[in-house]
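Basis for what follows: all heavy atoms, side chains included, without hydrogens, waters or symmetry-related copies.
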Amino acid sequence: MVREMHQGMFDIFALALPRGHGFRDRPPIEAWRSSDDSAWAAVTRHVESGDIGLIVLRRREDRVWTIVCDVHGLRGVAEARERARAEMKESSPPEPVPAGTARRPSLYDLGGRPASETIKLLTTESYRNAGWLLGELYLALPRPDRNWASDLRSGNFHTRLWEAQLLASLREQGLLVTQPEDAPDFRIENGKGEVAWIEAVTANPPERYEHVNAKPTVQPEEPEELFFGPAALRFAKTIGSKLQRRYDRLEHVEGYPFALALADFQAGASMVWSREALIGYLTGIGATVEGTGTERLPKQLEAETLLGHAGFKAGLFRDNAHAELSAVIFTNACTLSKFNRIAVTHGASPRGRRYIRYGKFEDSAPGSLNGIPFSLDVAGDEYRSLWPDGREPWCAELEVFHNPFAKHPLPNTLLPEATHWRLTSKGWDYESHYKTRILWSRAIIADPKEGVPTYDEVPAFLKRLMRAASE
C-alpha cells in the first residue's frame with residue numbers, strides 16, 4: 001500500500017539523490033512511500049511553467065536506492081500519481097545491482113563476529129533511530145570504501161560516522177556530491193557549476209579508546225591551555241598529516257578549492273570544548289576575560305607557537321605557507337545524539353524516550369564569551385522553533401574557517417548553509433546562515449515521565465538517573 005510521505009521523512013530519503021535537496025526550479029509538491037520500504041516517489045512542479053515531473057526510486061538487491069524514473073512534461077498531478085504507483089512496483093523484487101558495480105555489504109551483518117559496543121548500542125531502543133539513519137546515509141554514499149562497513153563495526157566507527165554526517169550536511173545544501181576518485185573523499189558542485197574537493201578527517205587519540213560511555217574529559221581551566229594546549233597540538237598533527245599527502249597536486253584536484261573537513265574524537269567528549277583549540281591553531285588567536293563583575297572585559301590572546309617542548313607553530317592561516325588548503329570545515333556535533341535529534345525532529349518516533357539537549361547558545365552581546373545556557377526537550381515546540389520548519393538541520397553546527405592566503409578560495413556559495421569565518425580588516429569575523437548558534441551541547445536520554453531539568457538542575461538530574469540505573 002502506497003502512503004503519503006510527510007516533509008520530514010522526505011528530507012531524509014531525498015539525501016539519496018545525487019543533489020540531495022537541490023531541486024532548484026523543480027521543487028517537490030508531494031511525495032509517496034511504499035509500505036514495504038521498497039520505493040518512494042516525488043511529484044515536482046516547475047516554479048515558472050508549472051510543468052509536472054516525477055522522480056521514483058526503488059531499492060536495489062543490496063538496499064541502495066536507485067532512480068528508476070525521472071521524467072517531466074506529465075499532463076498533471078493525477079497522471080504523475082498513477083505513473084508513480086506503476087513505477088514503484090510495490091511488493092515486486094528489488095532492482096538488480098548493475099553489472100560492474102560492487103554490491104553494498106550490510107552494516108549489521110556481522111558474519112558471526114562479535115558486535116562492538118557501538119553496534120550493540122545502535123540496536124537498543126534509545127539509539128535505534130540513530131542506527132536507522134546512519135544506515136540510510138551509508139546506502140546514500142555514492143561510492144564508499146570497500147572496508148566502510150567493516151570499519152563501522154570496528155575501532156574506526158567514528159571516522160565513518162563523520163563521513164556519513166558530512167554527506168548529509170553537503171546534500172542538505174543541495175550540492176551534487178560524488179566520489180569519482182579514491183581521494184579526496186568528496187567532489188561537490190553547486191547549481192552555478194562551482195566545484196571543490198573535500199577530504200574528511202578525524203582528530204584521533206594517540207591510543208584507541210572505546211567511545212561508548214567513555215569518561216568525559218574536562219575543559220582546561222587556563223585560556224592559554226584551552227586555545228594553544230594539547231588539543232590544539234592534536235589538531236595541528238592531524239591537519240599536518242593530511243597536508244603532507246598533497247591532494248592539491250592530484251590532476252583532478254588542481255585548479256579547484258580543496259578543504260579538509262574535520263571532526264574531533266581525540267578524547268572522551270573533547271568536542272564539547274575543543275573548538276577553541278582549533279581556532280587557536282588556525283589563527284594563533286585566543287580569548288580570555290579580565291576584570292570582575294560588570295567590569296569583566298574580553299581580552300585577546302596571541303601565540304606564535306603551541307604549548308609544549310616541540311614549539312609547533314600556531315596560526316596555520318597567518319601566512320601563505322599552506323596556500324593549497326582553501327579552508328577547514330569543522331563540526332563539534334558529530335555524535336549519535338545528533339543522529340537521534342535529526343531523526344526525532346524529522347518525524348521518527350522517540351520510541352518511548354525523552355531526548356534532552358543542554359548546553360549554551362552563543363550570546364551575541366558585544367564582548368560576551370560565556371554563552372546563554374539552555375536545556376530543552378528535542379521533541380518539544382521550543383526546541384523545534386529554533387530551526388526552520390521545526391526540524392534540526394544537519395548544518396546547524398557546521399563551520400568553515402577560510403584560509404585568507406588560499407590559492408583557490410572556497411566560495412561561500414559552495415557551502416551556503418554553514419557558518420563562514422573569514423579574516424577581515426576588523427579581525428576574524430563570521431557570517432551565519434542560521435540565527436541559532438550553539439557553542440556546545442550534551443545529551444540526556446530519559447523516561448518521558450521525567451520532567452526537563454533547567455540547565456542548573458542538570459548535574460543533580462544526571463546523578464539521580466545514574467543512581468536509579470544502578471539500583
Side-chain angles (χ1 to χ4, degrees), residues 20-21 162 165-175 177 186 188 190 194 196 198 200-201 203 227 235 239 257-264 271-283 285-287 298 316-317 325-335 337-338 341-342 345 357 359-372 374 383 385-389 391-404 406 409-441:
H21 298 174
W162 174 221
Q165 182 168 328
L166 182 59
L167 173 76
S169 300
L170 297 173
R171 285 189 170 166
E172 179 182 63
Q173 299 175 80
L175 301 173
V177 183
F186 297 108
I188 62 172
N190 62 15
E194 295 172 320
I198 297 175
V201 58
F227 283 93
F235 283 135
I239 292 172
F258 167 69
L260 291 175
L262 176 65
D264 178 38
M271 67 180 71
V272 170
W273 52 264
S274 65
R275 173 178 174 272
E276 283 77 2
L278 178 64
I279 293 173
Y281 168 58
L282 294 180
T283 69
I285 297 172
L316 182 71
F317 289 167
L325 179 61
S326 303
V328 171
I329 303 166
F330 178 72
T331 183
N332 65 355
C334 182
T335 63
S337 296
K338 173 75 172 180
R341 294 196 306 271
I342 292 284
T345 60
R357 187 181 190 185
K360 287 190 175 181
F361 295 123
E362 179 186 59
D363 187 347
S364 58
S368 176
L369 295 176
N370 292 328
I372 302 171
F374 72 90
Y383 186 79
S385 69
L386 299 175
W387 315 112
D389 303 316
R391 295 183 290 274
E392 180 176 338
W394 287 101
C395 295
E397 301 87 5
L398 203 66
E399 299 184 277
V400 184
F401 296 90
H402 292 265
N403 185 352
L410 181 73
N412 286 21
T413 47
L414 263 174
L415 293 168
E417 296 175 18
T419 295
H420 292 268
W421 289 87
R422 290 184 181 276
L423 183 62
T424 70
S425 58
K426 298 180 181 180
W428 284 90
D429 200 5
Y430 72 86
E431 179 182 342
S432 180
H433 177 79
Y434 294 106
K435 292 182 180 179
T436 300
R437 280 178 41 79
I438 295 177
L439 298 179
W440 66 266
S441 71

Exercise for review: Dump the intermediate steps for side chain to side chain donor-acceptor pair (under 3.5 Å) on Thr424 and Asp429, then the final yes or no.
Suggested key: CA-CA 7 Å; Thr424 70; Asp429 200 5; 5.2 Å; no
Exercise for review: Report the C-alpha distance between Trp421 and Phe317 in whole Å, list the side-chain angles of each, state the deciding distance to 0.1 Å, and finish with yes or no for side-chain contact (heavy atoms from CB on, under 4.5 Å).
Suggested key: CA-CA 12 Å; Trp421 289 87; Phe317 289 167; over 6 Å; no
Exercise for review: Go through Asp264 and Phe235 one step at a time and tell me if the side-chain contact (heavy atoms from CB on, under 4.5 Å) criterion holds.
Suggested key: CA-CA 8 Å; Asp264 178 38; Phe235 283 135; 3.9 Å; yes
Check your understanding: Passes side-chain contact (heavy atoms from CB on, under 4.5 Å), Glu399 versus Asn332? Steps please.
Key -> CA-CA 9 Å; Glu399 299 184 277; Asn332 65 355; 5.8 Å; no
Check your understanding: Is there a side-chain contact (heavy atoms from CB on, under 4.5 Å) between Thr345 and Trp387 once you walk through the steps?
Key -> CA-CA 10 Å; Thr345 60; Trp387 315 112; 5.5 Å; no
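Here CZ of Arg357 is found 3.5 Å from CZ of Arg341. Values are rounded to the nearest 0.5 Å. Annotation: the span from Tyr434 atom OH to Glu417 atom CD amounts to 4.0 Å, rounded to 0.5 Å. Within the model, atoms CG of Leu410 and CZ of Arg422 stand 7.5 Å from one another, a figure rounded to the nearest 0.5 Å. In this structure, CD1 on Ile239 lies 5.5 Å from CG on Leu278, to the nearest 0.5 angstrom. Of the inter-residue distances, the one linking Ile372 atom CD1 with Lys360 atom NZ reads 10.0 Å to the nearest 0.5 angstrom. For the atom pair CD (Glu194) and OG1 (Thr413), the distance works out to 3.5 Å, reported to the nearest 0.5 Å.
Pairing each heavy atom of Gln173 with each of Cys395, the nearest pair is NE2-SG, 3.4 Å. For Ile329 against Ala259, the heavy-atom pair with the smallest separation is CD1-CB, 4.0 Å. Trp440 and Val272 make their closest contact through CB-O, 3.2 Å (heavy atoms, listed as atom of the first residue, atom of the second, distance). Looking at every heavy atom in both residues, Pro416 comes nearest to His433 through O-ND1, 3.6 Å. In this structure, Leu170 and Ile188 approach most closely via the heavy-atom pair CD1-CG2, 3.8 Å. Among all heavy-atom pairs drawn from Thr283 and Ile279, the shortest one is OG1-O, 2.7 Å.
Taking Glu362 as the reference, Tyr430, Arg437, Leu439 meet the side chain to side chain contact (heavy atoms under 4.5 Å, CB included) condition, with sequence neighbours excluded. With sequence neighbours left out, the side chain to side chain contact (heavy atoms under 4.5 Å, CB included) criterion links Ala418 to Leu398, Val400, Leu415, His420. Every residue two or more places apart in sequence or in another chain that forms a side chain to side chain contact (heavy atoms under 4.5 Å, CB included) with Glu276 is listed here: Leu226, Phe227. With sequence neighbours left out, Phe374 forms a ring-ring contact (aromatic ring centres under 6.0 Å, His included) with Phe361. In terms of the side chain to side chain contact (heavy atoms under 4.5 Å, CB included) criterion, residue partners of Thr335 (sequence neighbours excluded) are, by chain and number, Met271, Ser337, Lys338. Evaluation of the ring-ring contact (aromatic ring centres under 6.0 Å, His included) rule for Phe186 yields no partner, not counting sequence neighbours.
Under a 4.0 Å N-O distance rule, the pair Glu397/Arg275 does not qualify as a salt bridge.
Trp162 places a side-chain N or O within donor-acceptor distance of the main-chain N or O of Ala261, the cut-off being under 3.5 Å. Looking only at distances, no side-chain donor or acceptor of Glu392 sits under 3.5 Å from a matching main-chain atom of Tyr383.
Residues Leu260 and Phe258 have side chains in contact (heavy-atom distance under 4.5 Å, counting atoms from C-beta outward).
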